[in-house]
Amino acid sequence: MNTHEVCPGVFQIEEDYRVYCVLVAGEKNALLWDTGMGKRDLRTFVEQEVSTPCLVLNSHGHYDHVGGNRRFPSVRLAREDWPLLGEAPDYALEDLPAGAEFDLGGETAECVCLAGHTRGSRGLLLRRRRLLLAGDALNPRLQLLGPEAAGLDRLNETLRSVLALPFDEYLAGHVPSPLKRAQAEAHLRHLEHFDAGAMESFTLAGAQAWRSEWRQGSLRSVFIMDERSEP
Ligand SMILES: [Zn+2]
């Protein structure tokens with residue numbers, strides 16, 4: 001599997017083309033962030049890489065982040081996103097509330113709310129490394145699609161609370177290298193200047209969708225919304 005060590009003990013794993021999971025190896029515990037499409041045997045991979053127990057967490061409930069859950073005995077995912085899993089899972093599913101902390105030994109991983117992309121989107125702050133694992137919640141091209149997406153007011157709250165956290169870079173679910181904090185700031189600037197009337201309309205998977213773009217220097221923030229998402 002295509003693996004890249006972002007910083008000591010933090011591995012970004014390309015589970016499928018441009019679908020990334022993250023393995024954080026602590027002294028006492030490891031943590032797997034997302035399970036991808038389910039095409040690869042991530043469990044065997046993790047067992048080869050680390051000798052400690054490994055917690056499995058999902059950033060949110062979309063299929064390309066939960067596909068390999070079935071290979072593990074238990075997984076944590078925010079309750080708001082459980083309906084996205086469809087059928088009842090055949091593994092133990094536990095809630096992943098904001099504020100949960102995981103002691104990995106030498107690093108504490110703190111769960112934070114990143115509602116927007118989905119209502120149950122979560123981030124994981126690795127405070128010692130000043131790194132945030134963000135799933136799809138802060139993607140440069142931020143999708144707010146379907147009834148599972150939160151509205152722009154909620155996204156505004158999320159961005160404000162995220163930017164109060166001590167991190168310099170973050171890992172996104174479909175970007176091969178860390179993104180700068182300034183990218184999350186660009187999303188907030190975009191919201192502050194958001195003009196619904198200036199959105200570009202297009203068709204996405206047969207549904208009416210809208211695109212809004214904000215540029216600041218070399219940074220670009222894009223929001224994609226559709227008729228099912230909350231205004
Ligand atoms: Zn997603």
Side-chain angles (χ1 to χ4, degrees), residues 12-23 31-40 42 56-70 72 75-87 89 93 95-98 111-125 132-152 154-159 161-162 170-179 183-184 186-187 190-191 202 204-213 220-230:
Q12 202 178 24
I13 304 160
E14 188 171 30
E15 194 266 348
D16 194 17
Y17 178 69
R18 291 267 168 150
V19 174
Y20 298 95
C21 309
V22 183
L23 178 66
L31 189 149
L32 179 66
W33 180 247
D34 284 337
T35 62
M37 301 286 289
K39 293 186 179 176
R40 307 291 191 95
L42 271 180
V56 182
L57 273 49
N58 294 143
S59 62
H60 65 294
H62 281 154
Y63 72 100
D64 51 341
H65 297 257
V66 304
N69 283 4
R70 63 179 190 279
F72 296 92
V75 178
R76 290 171 202 248
L77 165 69
R79 197 175 289 273
E80 295 98 312
D81 275 10
W82 287 10
L84 298 175
L85 297 175
E87 291 165 23
L93 185 61
D95 190 16
L96 180 57
C111 179
V112 298
C113 176
L114 292 185
H117 177 67
T118 65
R119 291 163 200 278
S121 286
R122 294 289 183 262
L124 204 67
L125 178 65
L132 179 71
L133 313 185
D136 287 351
L138 301 174
N139 285 347
R141 186 177 179 278
L142 182 49
Q143 296 192 344
L144 304 163
L145 299 174
E148 69 264 38
L152 293 182
R154 193 77 196 282
L155 178 64
N156 189 28
E157 273 173 46
T158 290
L159 292 170
S161 57
V162 157
Y170 67 94
L171 295 178
H174 304 286
V175 182
S177 49
L179 292 156
Q183 177 66 55
H187 281 321
H190 184 178
L191 262 189
F202 68 106
L204 182 66
Q208 174 93 50
W210 292 271
R211 181 180 190 282
S212 174
E213 182 175 322
R220 192 165 65 135
S221 158
V222 175
F223 298 154
I224 307 286
M225 281 162 280
D226 70 8
E227 58 199 1
R228 297 165 302 162
S229 43
E230 212 180 89

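Note that ligands are numbered from 1 as they come in the structure, with each ligand's atoms numbered from 1 the same way. Everything numeric here is computed off the predicted structure, so don't read it as measured data. Every heavy atom of this structure was used, including side-chain atoms; hydrogens, water molecules and symmetry mates were not.
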For F72, ring pair (Phe, Tyr, Trp, His ring centres under 6.0 Å) partners two or more places apart: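 Ring pair (Phe, Tyr, Trp, His ring centres under 6.0 Å) list for F72, sorted by chain: empty.
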Distance below 2.8 Å from the Zn ion (ligand 1): protein N/O/S atoms: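 Protein N/O/S atoms under 2.8 Å of the Zn ion (ligand 1): H60 NE2, H62 ND1, H117 NE2, D136 OD2.
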SB check R122 E80 (cutoff 4.0 Å):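 The answer is yes: the pair qualifies as a salt bridge.
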Would you check if there is a donor-acceptor pair between the side chains of [Y] and [X] at a distance under 3.5 Å?
X    : Y    : value
D64  : H174 : yes
H190 : S221 : yes
D136 : H62  : no

G146 backbone acceptor or donor facing D226 side chain under 3.5 Å: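 Yes; judged by distance alone, with no hydrogens or angles, the pair exists.
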